[in-house]
Amino acid sequence: MENYGYTKTENTENQQNNIPYHSEKKIPAALLGILVGWLALNKFYLGYKREGIIQLILNVVTCGAASVIPFIEGILYLFMSDKQFDDTYVHGRKPWL
């Protein structure tokens with residue numbers, strides 16, 4: 001039987017590298033958005049200083065009504081895959097929804 005250029009050791013190496021992707025920032029950012037979104041801590045945690053300040057000002061001007069935005073963002077973070085979250089918000093630097 002031909003192996004078409006693959007050896008048994010190459011297949012076992014590929015199986016060992018098949019570990020699922022894990023984002024270290026997804027869960028904390030989601031929880032910060034859901035629980036204390038009115039403080040814009042999820043924005044500051046992800047490194048978006050300007051957007052965090054804008055979120056704080058919006059919350060003061062609207063008497064807290066703008067805190068719905070980080071709450072929705074936190075829920076969206078939870079339903080994203082870890083890879084998609086990192087590609088969008090950590091590496092892609094997309095500050096808003």
Side-chain angles (χ1 to χ4, degrees):
M1 181 172 179
E2 292 202 25
N3 58 10
Y4 298 103
Y6 296 103
T7 61
K8 207 168 188 98
T9 57
E10 288 176 355
N11 288 337
T12 58
E13 287 176 12
N14 288 339
Q15 289 174 354
Q16 290 174 355
N17 291 335
N18 245 352
I19 6 181
Y21 187 83
H22 176 69
S23 174
E24 295 180 3
K25 291 190 171 194
K26 177 183 159 186
I27 300 296
L31 291 177
L32 287 171
I34 292 170
L35 299 176
V36 286
W38 57 276
L39 289 173
L41 292 180
N42 61 326
K43 296 291 185 194
F44 291 116
Y45 179 75
L46 291 173
Y48 302 122
K49 294 176 186 172
R50 183 177 0 143
E51 290 79 6
I53 292 169
I54 291 170
Q55 184 67 45
L56 282 173
I57 292 170
L58 280 173
N59 284 330
V60 169
V61 169
T62 63
C63 297
S67 62
V68 170
I69 296 168
F71 180 78
I72 293 170
E73 283 181 337
I75 292 172
L76 289 175
Y77 294 166
L78 286 177
F79 285 102
M80 285 182 161
S81 69
D82 289 355
K83 179 77 171 137
Q84 183 183 8
F85 175 82
D86 277 354
D87 288 344
T88 306
Y89 296 105
V90 178
H91 304 297
R93 306 294 299 162
K94 180 183 176 190
W96 300 101
L97 298 172

According to the salt bridge (charged side-chain N to carboxylate O under 4.0 Å, His left out) rule, which pairs have a member within residues 60-72, sequence neighbours left out? none
Salt bridge (charged side-chain N to carboxylate O under 4.0 Å, His left out): which pairs involve residues 46-64, sequence neighbours left out? none
Say whether Ile72 and Ile75 are linked into one hydrophobic cluster, either directly or through other cluster members, by side-chain heavy-atom distances under 4.5 angstrom. no
Same cluster or not: are Val90 and Met80 linked, directly or through other Ile, Leu, Val, Met, Phe, Trp or Tyr residues, by side-chain heavy atoms under 4.5 angstrom apart? yes
Please table the atom pairs, donor to acceptor, closer than 3.5 Å between any side-chain atom in residues 30-46 and protein atoms at least two apart or in another chain.
residue, atom, partner, partner atom, Å
Asn42, ND2, Glu73, OE1, 3.4
Lys43, NZ, Glu73, OE1, 3.2
Lys43, NZ, Glu73, OE2, 2.9
Lys43, NZ, Pro95, O, 2.3

How close do Thr62 and Leu58 get, heavy atom to heavy atom, and via which atoms?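 Nearest pair, atom of Thr62 first, then Leu58: OG1-O, 2.6 Å.
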Looking only at heavy atoms, which two atoms of Ser81 and Lys26 are closest? And how far apart?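 So the two residues come closest at C-NZ, 4.2 Å.
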Quick test of your reading: applying ring-ring contact (aromatic ring centres under 6.0 Å, His included), list the pairs with at least one residue in residues 67-86, sequence neighbours left out, ordered by first then second residue.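 Listed once each, the pairs are Tyr77-Phe85, Tyr77-Tyr89, Phe85-Tyr89.
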What residues form a side-chain contact (heavy atoms from CB on, under 4.5 Å) with Tyr21, not counting sequence neighbours?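 Partners of Tyr21 under the side-chain contact (heavy atoms from CB on, under 4.5 Å) test: Asp82, Lys83, Asp86, His91.
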Distance, nearest 0.5 Å, that separates CD1 of Ile54 from CD1 of Ile69: 11.0 Å
